[in-house]
K.L.:
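Structure below; questions to follow.
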Amino acid sequence: MWHHPRTGSRPDVSEASRYQPQAIESRWQQAWEEAGLNATPEAEGADTFYALSMFPYPSGNLHMGHVRNYVITDVVARVQRMRGKQVLHPMGWDAFGLPAENAAIERGVDPGAWTDRNIASMREQLKQLGLSIDWDREVATCHSDYYRWTQWLFLQFLDAGLAYQKDATVNWDPVDQTVLANEQVDSEGRSWRSGALVEKRKLRQWFLKITAYADQLLDDLPKLEGWPERVRTMQANWIGRSTGAELTFDVVDAEGAATGERITVFTTRPDTIYGASYVVLAPEHPLVGTLTAESEGIHVEAFCDLVSRQSEQERTAEDKPKRGVPIGAQVRNPANGELIPLWIADYVLAEYGTGAVMGVPAHDQRDFLFARQYELPVKQVIIPEGSDEHAFEGGAWTEAGVLIHSGPFDGMASTEAKAAITAAAEDQGWGKGRVQFRLRDWLISRQRYWGCPIPVIHCDSCGVVPVPNDQLPVQLPRDVAFSAKGGSPLAQLESWVQVDCPCCGKPARRETDTMDTFMCSSWYFLRYSDPKNTELPFTPKAVNRWLPVNQYVGGIEHAILHLLYSRFFTKVLRDRGLLGFDEPFSRLLTQGMVQGITYKNPKTGKYIAPGDVADPTDPRDPITGDVLDTFYEKMSKSKYNGVDPAVVIDNYGADTARMFILFKAPPEKDLEWDDADVEGQFRFLQRIWRLVDGALHRGLCLAGAPVAIDTANLTPAEKELRRAVHTAITEISDDLDGEYQFNTAVSELMKLSNAMGDHLESSGEAVATEALRTLLILLAPFAPHLAEELWLKLGGRSEADPLAGGSVHRQSWPMADATALVRDTIPLVIQIKGKVRGNLEVPADADKATLQKLALESDVAAKWLEGKAPSRVIVVPGKLVNLVP
RNA sequence: GGGGGCAUGGCGAAAUCGGUAGACGCAGCGGACUUAAAAUCCGCAGGCCGCAAGGCUGUGGGGGUUCAAGUCCCCCUGCCCCUACCA
């Protein structure tokens, strides 16, 4: 991968003046840690800023996506500190989960020890990046001093009536041998973790009643102005609120007499009820058995059997024709009294709404297709405004319109008829308005060992009994037997399961399900505010002081899962009086992927490692000689396109890696890893090193108070340099406010460095030291080690200084001097009818009339206007004059 | 089908309010230094025509508004992401 390793191959020109990141980075990391530079300040009342990255799963290996995430957050945290904010910038571990348990099954290692080893190794890798993290606040969700409070919070939900058990058809992952929440199954019906096709099973499981907060979770989305629009849209779609009505159809016998059974359908279009020509039930609908006529029994049974054998994916594939069978029963349309047949069909889902729909073929595309297939009547009851009734050839009319064939509602606008018909149904007792959500309750049970035990006890006499607070945590037992056969190891450990009921004292049994790990990650950002509290998960004072998180940074893959659950937790805990805010994350940045260069043989479909490609300008398969496809894709082992952060740090240092990642692309866009660009970034840091080296040889020094600048007597070079310095301050400050634009901020550092290359030597001490001081301070958040090292070399602090005070990272963010930006003359653009035709150097403070006069007198005007007076002149002071002939 | 986003040199990208398109960097080319190479430094560089001065053209395509459009409006095309029989 690394064709040109820097280390060792460079000639030893001058040992003292070479930039060797390997020599300085670990030294500073250690010095900062000893000096407590990154400790969270605790002064009362001061301005706070909470910068947070999504915490990682401790797989043991840091990858580039992590690096990008944490570097972005680190720059934000460092800049806020330099701006005088008290900053909380913590890190922790999302440490429960299946990889640890699988390691236990495959290699017999203890999941806890395995996880702790991984944490230790990842922590070391993270520290090599020079992140300004307060490691004193580290949390790991698998440690009992943390999960004790996850359990405590679960009991809060239980107490609030928001945690409950029910029998439900749930998603079963046959590979991971556990159930999954709806959010954790993708659109193809596969597990988010294992990728296995999930199966449906009926099991008794624990749920959290997130649906009770569906309205709030939806209605508060517009408040999240600091969130990307698309994340808010995804959450809104996921919650999926539909406003409509439940309408009840009486089942009637062959003579038209009510049998007493009723079918309730959910519809968003009660205005179309007069067009209902049949009613369809899901094959799993509980009334299918009782309502099916004997004559249809065989067909119905066969059909239900067929449907149940189909996977969710097969059943919901849109290109499949909709299939169904009549069940030999009929219902009465409550609006017009018509008798219409009852069907079952595969396109009706048992889990949504009431599991039954009314078929209105004229105004619903699915019903239309179904009706055409089975020759069911299509009855139009809504016509487009201003049009006549006409036949529907192509499809259903699903837009708004005017009602026809709808009894007393004829002529009414369909938008009004929704409410009118719902009201009539309520009056007459055959329906009521209803809001339906797509969002289901959150299934949190997992039949696995390495998770947080659900702290309840099942007693034959007392029912479900919460484990009393003084008996928390319910510790995960360590002496369990793992096997690949599945089933929870906890359920097989009788010594752990058997317990006395805390209520009545009789023998009882522990709950053996553990919690979904998303439970653990739904509140870790709260714990960082008070990570060592042994009495509570956090005090209201601590949590309200630091939260909501000012800037949250993480991947888009959590747009629904983690971010929705965390919002739910926050709202529940607010209602329990545990915290005083509605939303946990004020601003959210979803960083783009890190992609690696990928080679693929289009003939064989095989991926080729970049190391096996001899000539990147003409990539060929080393075996077959075929020309390879070259593209960028998310780094992954199977595509051989990954770049190991450790290798980059070894070769170039963390500062180069940080700078490259920030410079190469805007943070929310995908980033194409490119070795040549990494080289370029290293060269830039080298140039800064040499720049400072030159200044040292000249005897420049930053010790003591800055030398006063005599602004009235600056040479042209000094004026240029000062303008560059203060432009950089202005631009970089802007880039770090509002929308983060680290890429252009780094560009500005480069421009400043270029200007210093041109003018530093010819500038006097006062201006030169101002430039050096500013460059290092502006550089500090991006390349913290290099900035600190050069700050030391230039005497910005002495060796004797207590580090915390003298560090470049403790300097205030500089203020731009507006007078340094002022120019005497500016180039004025001369346009003729909007086209640029030339430039004119004019006094910067010239007024409009002067500019117009100068422009009209210019050679450009003479050439293009040919002596004629322009019909119109537009003057934009400071920019241009446009002459329109 | 629904929703969201994107489209700018060979490449990554930049361009607060409509006001010099391509900053900054990568790759490339030319030069200096060197016995030579690397490194470093200086310079060139959207495309077309031209010796040059200069001109024409150019932000996916087409139209529009405007003195002036990458930016605003309408239509179209292509790509990416999410979601999907949700009644």
Side-chain angles (χ1 to χ4, degrees), chain A residues 4 9-11 13 186-187 228-234 236-238 240-242 244 265-269 272 280 282 315-320 322 345-349 351-360 363-367 369-370 395 398 436-439 556-557 559-560 617 632 660 663-666 668-681 683-684 686-687 690 731 734 738-739 741 743-751 753-754 757 827-839 863 870-876 878-885:
Chain A
H4 312 289
S9 69
R10 216 172 304 111
V13 186
D186 70 15
S187 59
E229 184 62 41
R230 65 185 189 127
V231 175
R232 291 192 279 171
T233 306
M234 283 165 75
N237 289 342
W238 185 262
R241 181 162 60 194
S242 311
V265 305
F266 174 72
T267 179
T268 56
R269 298 294 304 275
T272 63
V280 207
R315 183 167 162 187
T316 59
E318 207 170 355
D319 48 356
K320 280 267 167 86
K322 299 173 193 335
D346 58 0
Y347 77 97
V348 177
L349 305 176
E351 312 90 66
Y352 187 76
T354 58
V357 302
M358 60 181 196
V360 186
H363 305 293
D364 181 283
Q365 187 61 23
R366 294 157 300 186
D367 297 343
L369 293 173
F370 189 74
T398 57
Q436 172 70 37
F437 291 94
R438 213 186 78 107
L439 181 73
I556 188 77
E557 66 273 17
I560 293 170
T617 61
Y632 284 89
F660 164 77
F663 176 66
K664 177 75 183 178
E668 62 287 343
K669 278 193 71 170
D670 288 347
L671 181 155
E672 297 175 356
W673 190 272
D674 179 353
D675 293 345
D677 283 327
V678 179
E679 286 272 349
Q681 208 52 237
R683 283 202 295 267
F684 170 55
Q686 260 183 320
R687 273 199 296 280
R690 279 197 299 272
E731 296 295 322
D734 276 3
E739 295 299 300
Q741 300 186 78
N743 53 330
T744 49
V746 174
S747 294
E748 293 298 329
L749 285 171
M750 290 172 170
K751 287 182 198 170
S753 144
N754 290 344
L828 180 76
V829 169
I830 312 286
Q831 292 184 341
I832 308 296
K833 200 174 182 301
K835 280 189 190 285
V836 179
R837 294 300 181 187
N839 273 301
K863 176 178 172 188
S871 64
R872 197 168 165 192
V873 180
I874 292 99
V875 182
V876 183
K879 290 244 162 79
L880 57 82
V881 174
N882 189 6
L883 305 172
V884 186

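Order of the sequence lines fixes the chain letters, A, B, ..., with proteins taken first and strands second; residue numbering starts at 1 for each chain.
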K.L.:
For Glu748(A), enumerate each residue passing the side-chain contact (heavy atoms from CB on, under 4.5 Å) test, keeping only those at least two apart in sequence or located in another chain.
P.N.:
Glu731(A), Ile732(A), Asp735(A), Lys751(A)
K.L.:
So what does Gly353(A) touch, heavy atoms closer than 4.0 Å: a base, only the sugar-phosphate, or nothing?
P.N.:
nothing
K.L.:
How do Phe266(A) and Arg872(A) order along RNA chain B: which one's closest nucleotide is nearer the 5' end?
P.N.:
Arg872(A)
K.L.:
Looking at the side chain of Arg683(A), which of C67(B), G25(B), C26(B) is the nearest nucleotide?
P.N.:
C26(B)
K.L.:
Could you work out which one of C24(B), C67(B), A87(B) sits closest to the side chain of Thr268(A)?
P.N.:
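Output: A87(B).
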K.L.:
Dump the pairs, protein N or O against N or O of nucleotides 45-47 of chain B, anything under 3.5 Å, distances to one decimal.
P.N.:
none

K.L.:
Write down the distance separating the P atoms in A15(B) and G54(B), rounded off to the nearest Å.
P.N.:
30 Å
K.L.:
How does protein contact run along nucleotides 54-59 of chain B, one letter per nucleotide 5' to 3', with B for base contact, S for sugar-phosphate only, - for none, heavy atoms under 4.0 Å?
P.N.:
SSSS--
K.L.:
So do the side chains of Val829(A) and Asn839(A) get within less than 4.5 Å of each other, counting heavy atoms only?
P.N.:
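Yes, side chains in contact.
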K.L.:
Nearest-Å distance, CD (Glu748(A)) to P (A13(B))?
P.N.:
18 Å
K.L.:
For RNA chain B, what string of dots and brackets results from 5' to 3' when Watson-Crick and G-U pairs need both distances under 3.5 Å, crossing pairs get [ ], and pairs with another strand get |?
P.N.:
(((((((..(((......[....))).(((((.......))))).((((....))))..(((((..]....))))))))))))....
K.L.:
Decide yes or no for Ile874(A) and Gln831(A): does some side-chain heavy atom of the first lie under 4.5 Å from some side-chain heavy atom of the second?
P.N.:
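No, their side chains stay 4.5 Å or more apart.
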K.L.:
What distance, rounded to whole Å, do you find between the two P atoms, one in A38(B) and one in C33(B)?
P.N.:
15 Å
K.L.:
When you check the phosphate oxygens OP1 and OP2 of C41(B), does a side-chain N or O of Arg690(A) lie under 4.0 Å from one of them?
P.N.:
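So the side-chain polar atoms of Arg690(A) do come within 4.0 Å of the phosphate oxygens OP1 or OP2 of C41(B), strictly under.
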K.L.:
With rounding to whole Å, what would you report as the distance between G19(B) and U66(B) at their C1' atoms?
P.N.:
12 Å
K.L.:
Which part of the nucleic acid, if any, lies within contact of Asp734(A), taking any heavy atom under 4.0 Å across all strands shown: a base, the sugar-phosphate backbone alone, or nothing?
P.N.:
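Base, at least one base atom sits under 4.0 Å.
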K.L.:
Does Tyr632(A) reach the side chain of Asp670(A), with side-chain heavy atoms less than 4.5 Å apart?
P.N.:
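Side-chain contact under 4.5 Å: no.
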K.L.:
Would you check if the distance from the ring center of Phe660(A) to the ring center of Trp673(A) is below 6.0 Å?
P.N.:
yes
K.L.:
Hey, what are the protein-to-nucleotides 2-12 of chain B N/O distances that come in under 3.5 Å?
P.N.:
unit_1: G12(B); atom_1: O2'; unit_2: Lys664(A); atom_2: O; d: 2.7

K.L.:
Mind telling me if C29(B) is syn or anti? Syn here is a glycosidic angle within 90° of 0.
P.N.:
anti
K.L.:
Between the protein and nucleotides 18-22 of chain B, are there any N/O to N/O pairs under 3.5 Å, and if so, what are the atom names and distances?
P.N.:
unit_1: G19(B); atom_1: N2; unit_2: Gln831(A); atom_2: OE1; d: 3.3
unit_1: G19(B); atom_1: N2; unit_2: Asn882(A); atom_2: ND2; d: 3.4

K.L.:
Which nucleotide in the list A87(B), C85(B), C24(B) gets nearest to the side chain of Asn754(A)?
P.N.:
C24(B)
K.L.:
Does any part of the side chain of Val746(A), heavy atoms only, come nearer than 4.5 Å to the side chain of Gln681(A), both counted from C-beta?
P.N.:
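The answer is yes, as the side chains (C-beta and beyond) meet within the 4.5 Å cut-off.
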K.L.:
Specify the separation, in whole Å, of atom CD of Glu739(A) and atom P of U16(B).
P.N.:
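Checked: the CD to P distance equals 13 Å.
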K.L.:
Can you check whether Gln741(A) has a side-chain N or O nearer than 4.0 Å to OP1 or OP2 of A15(B)?
P.N.:
yes
K.L.:
Does G22(B) adopt a syn or an anti glycosidic conformation, taking syn as a chi angle within 90° of 0?
P.N.:
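Anti, angle beyond 90° from zero.
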K.L.:
Side chain of Pro666(A), heavy atoms from C-beta onward: which of U83(B), A13(B), C24(B) has the nearest atom to it?
P.N.:
A13(B)
K.L.:
Please confirm whether the shortest side-chain N or O distance from Arg438(A) to OP1 or OP2 of U83(B) is below 4.0 Å.
P.N.:
no
K.L.:
Just the rounded figure in Å: distance from P of A84(B) to CG of Asp364(A).
P.N.:
18 Å
K.L.:
Hey, can you tell me if Tyr347(A) and Phe370(A) have their rings parallel, tilted or perpendicular (30° and 60° cut-offs)?
P.N.:
tilted
K.L.:
Check whether any side-chain N or O of Asn743(A) sits under 4.0 Å from OP1 or OP2 of C24(B), and answer yes or no.
P.N.:
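No, no such contact exists.
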